[in-house]
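Contents: one structure, followed by commentary.
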Amino acid sequence: MDTRWKPSVTVAAVIERDGRFLLVEEHTAEGLRLNNPAGHLDPGEGPLEGVVRETLEETTHAFTPTALVGVYLSRFQRPSRAGLPDEDITYLRFAYSGELGEAQPGRALDTGIVRTLWMTPDEIRANAARLRSPLVLRCMEDHLAGQRYPLSLVFTDPSVAPLVR
């Protein structure tokens, strides 16, 4: 039986305030890494809902997307280690810019997130080896270049939402 290849869909928030970008420091198999507030799209949600949810989970702050920065495809490969199989994952990332709201009282950072931090573009470039993905830098550079697309560019059909009974 043939298996159809499917990329892993992720969403990311590119949040700039006063010349600094909001990143999260998180535990990964490669150690502590820096990333945009980002994560996998959950079943039953579109990219907009996903980026709002992931930003809240990873920063404890509300997020209002205002534009699509871009859609990105990247590949991650990790050789087998300690009895674990090798990994070869292709990611399809939807990156959104927008406004960061207030922290939500009583919320804790998601499991694996150590802290949030604001970094300048030069600090992010200088820490390229610590970035979880090369897309962190690419999304920032596209944002700085003024790349913005209307939110309506990505349409999520209502059939994606789970059935309500």
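Hydrogens, waters and symmetry mates are skipped; everything else that's a heavy atom, side chains included, is used. All residue numbers refer to positions in the sequence shown, counting from 1.
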Using the side-chain contact (heavy atoms from CB on, under 4.5 Å) criterion, which residues pair with [X]? Sequence neighbours excluded.
X: Leu48; answer: Pro65, Tyr96, Leu151
X: Gln104; answer: Leu56, Ala62, Arg107
X: Pro134; answer: none
X: Arg115; answer: Glu25, Leu117

Are the side chains of [Y] and [X] in contact, using a 4.5 Å heavy-atom criterion?
X: Ile124; Y: Leu131; answer: yes
X: Asn35; Y: Leu23; answer: no
X: Val24; Y: Leu34; answer: no
X: Arg125; Y: Met140; answer: yes
X: Pro121; Y: Leu144; answer: yes

If you compare all heavy atoms of [X] against all heavy atoms of [Y], which two are closest, and at what distance to 0.1 Å?
X: Val154; Y: Pro47; answer: CG1-CG, 3.9 Å
X: Ile15; Y: Gly98; answer: CG2-O, 4.4 Å
X: Val52; Y: Phe63; answer: CG2-O, 3.5 Å
X: Leu68; Y: Ala95; answer: CD1-O, 3.4 Å
X: Pro37; Y: Thr59; answer: CG-CG2, 3.7 Å

Quiz item: Any ion pair linking Glu26 and Arg33 (charged N to carboxylate O, less than 4.0 Å)?
Solution: no
Practice problem: Identify whether the distance between the nearest side-chain nitrogen and carboxylate oxygen of Glu57 and Arg53 falls below 4.0 Å. | Solution: yes
Quiz item: Would you say the side chains of His40 and Ser8 form a donor-acceptor pair under 3.5 Å?
Solution: yes
Quiz item: Does any donor atom in the side chain of Ser159 or Asp157 lie under 3.5 Å from an acceptor atom in the other side chain?
Solution: yes
Quiz item: Around Arg138, counting heavy atoms of other residues, nucleotides and ligands shown, do more than 12 lie under 6.0 Å from its CZ?
Solution: no
Practice problem: Would you sort out whether Cys139 and Tyr72 count as a side-chain contact (heavy atoms from CB on, under 4.5 Å), showing the intermediate values? | Solution: CA-CA 9 Å; Cys139 291; Tyr72 305 86; 3.5 Å; yes
Quiz item: Which pairs count as salt bridge (Lys or Arg N to Asp or Glu O under 4.0 Å) when at least one residue sits in residues 89-103, sequence neighbours excluded?
Solution: none
Quiz item: According to the salt bridge (Lys or Arg N to Asp or Glu O under 4.0 Å) rule, which pairs have a member within residues 3-22, sequence neighbours left out?
Solution: Arg20-Glu123
Exercise. Specify whether Phe21 and His143 have parallel, tilted or perpendicular ring planes, treating 30° as the upper limit for parallel and 60° as the lower limit for perpendicular.
Key: perpendicular
Quiz item: So which of Val71, Val11, Thr10 actually passes side-chain contact (heavy atoms from CB on, under 4.5 Å) with Leu92?
Solution: Val71
Quiz prompt | Glu49 side chain to Gly46 backbone, donor-acceptor under 3.5 Å | solution = yes
